[in-house]
Amino acid sequence: MSFSSQIKEEISKMNTFKNKKLIQYEFIGYLMMDNVNVVKNKIKFSTENEYNINRFHKLLNTLEIDYHIELQGRNYVITCLREKVLEFVTIEDKKIKILSQKLEELQKEEEVKAFIRGCFLGGGSMNDPNKKYHTEMIFSSKENAELVKNILKNYEIKLKELQRKSGYSLYLKEGEEISRFLALIGASTAMLKFEEIRVLKETRNHVNRMVNCETANLNKTIHAAVKQIEAIKKIKKAKKFEELPESLKEIADLRVEHPDISLIELGKMLKEPVGKSGVNYRLKKIVEIAEELS
């Protein structure tokens, strides 16, 4: 089962049917999505998801709206009379939008949650967070999409908008906002699973960055050491090594003996230990002397 279906299964089982006001707003959320079509005197909602259709027909039962369900290919299609929904919405140019008086009531948090839950059930999806973070809802009109976008701003959920061929999409790609969205619609189990995946991914990414950084530093150290050892060999071959100051001869011998250790470690091995900058200065001096030799 996809992650999206798991979310819909969880929220479709929420027992909110005793509160008819919440059921009304969840129903309105369904109606505003791109999966709903107005055909003459009928309203048709279609979906491949069985949890969607089960929840939707329960909403209709609670609201005492007659309906008919049929299977068309892979889609479940539920049909009711247009006049039966006009108590909750208006229909203009075959597009459904929430009634103004209903919209004014949407200041109550529980009603907002029910409304957004209906939107997600009616036309929402979420990718497997192991692969990528992406949550999307497709609305029947730009007006409906912008209404939901503005409502969710109040909950620190900033959706991005995209026009598609079939409707208007609102989507999220930020992990923290997706987590807040799941909490808002009541998908607490899905939210916990999402957070677990998110923490594991971020930890893995952090470890990978550290490993890459350490590998880069190690490569840099090895490259520098090879250059320093080549310089020391060149000085010895030119029989100029004994002419070097004791401090340079000491660091040169240590570098040849320990080609893979850091400058800090080399500095600690000196008779009179010095820091990283002191070691670096001496080795650079050796390289400069070697470069001056013909």
Side-chain angles (χ1 to χ4, degrees), residues 4 7-8 10-12 14 16 19-38 43 45 47 52 55-56 59 63 85-127 129 132-188 190-191 194:
S4 190
I7 298 167
K8 291 183 178 182
E10 180 183 354
I11 59 179
S12 69
M14 292 179 69
T16 57
N19 190 325
K20 199 165 182 178
K21 207 71 176 290
L22 298 186
I23 293 303
Q24 289 178 6
Y25 280 102
E26 188 175 326
F27 177 61
I28 292 168
Y30 267 91
L31 293 178
M32 295 177 73
M33 309 312 291
D34 189 53
N35 288 341
V36 173
N37 293 309
V38 181
I43 303 291
F45 170 69
T47 178
N52 270 357
R55 182 76 178 182
F56 193 65
L59 299 181
L63 296 171
V85 306
L86 295 179
E87 178 186 348
F88 314 103
V89 296
T90 59
I91 301 173
E92 297 175 7
D93 193 28
K94 296 185 179 182
K95 301 295 182 183
I96 296 175
K97 66 178 184 177
I98 189 169
L99 287 171
S100 57
Q101 62 266 34
K102 295 287 183 184
L103 182 58
E104 289 169 7
E105 293 172 11
L106 264 176
Q107 305 302 319
K108 298 176 182 177
E109 187 168 312
E110 287 306 309
E111 290 170 1
V112 170
K113 289 181 178 181
F115 174 62
I116 301 301
R117 185 162 57 245
C119 292
F120 183 78
L121 283 166
S125 63
M126 185 174 294
N127 285 70
K132 67 175 181 177
Y133 299 155
H134 185 86
T135 301
E136 184 171 12
M137 295 182 288
I138 302 179
F139 296 81
S140 60
S141 70
K142 183 179 179 67
E143 186 178 12
N144 288 346
E146 289 185 343
L147 166 64
V148 171
K149 183 179 179 181
N150 290 330
I151 288 171
L152 290 178
K153 277 182 185 178
N154 298 325
Y155 295 86
E156 296 183 33
I157 301 170
K158 297 178 182 177
L159 294 119
K160 295 181 180 179
E161 191 174 335
L162 178 68
Q163 184 172 355
R164 294 192 179 277
K165 289 182 180 179
S166 60
Y168 291 82
S169 164
L170 293 181
Y171 65 93
L172 293 168
K173 289 186 176 292
E174 294 296 327
E176 192 172 331
E177 290 189 331
I178 291 174
S179 188
R180 282 200 292 270
F181 179 81
L182 290 173
L184 181 71
I185 63 175
S188 54
M191 184 201 70
F194 178 84

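Numbers here are sequence positions counted from 1.
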Under the ring-ring contact (aromatic ring centres under 6.0 Å, His included) test against Phe88, which residue among Phe115, Tyr30, Phe27 passes? Phe27

Please examine the side chains of Thr16 and Arg117, heavy atoms only from C-beta on, and report whether any two atoms are closer than 4.5 Å. yes

Contact between Glu109 and Tyr155 at the side-chain level, heavy atoms closer than 4.5 Å - yes or no? yes

Non-hydrogen side-chain atoms of Leu159 and Phe181 separated by less than 4.5 Å: no

Picking from Ile96, Asn37, Val89, what satisfies side chain to side chain contact (heavy atoms under 4.5 Å, CB included) with Ile43? Ile96

Run Lys97 and Glu92 through salt bridge (charged side-chain N to carboxylate O under 4.0 Å, His left out) and show every step you take. CA-CA 8 Å; Lys97 66 178 184 177; Glu92 297 175 7; 3.5 Å; yes

Atom CD of residue position Glu161 - does it have more than 12 heavy atoms of other residues, nucleotides or ligands inside 6.0 Å? yes

Let me confirm one number: the CD-CD1 distance from Glu176 to Ile157, rounded to the nearest 0.5 Å. 10.5 Å

Looking at the rings of Phe194 and Tyr133, which for Trp means the six-membered one, are their centres under 6.0 Å apart? yes

With sequence neighbours left out, what residues match Lys95 under salt bridge (charged side-chain N to carboxylate O under 4.0 Å, His left out)? none

Met32 CE to Glu143 CD distance, which is reported to the nearest 0.5 Å: 7.5 Å

Flag if over 12 foreign heavy atoms under 6.0 Å of NZ, Lys173: yes

For Arg55 and Gly118, indicate whether the former's side chain and the latter's backbone hold a donor-acceptor pair under 3.5 Å. no

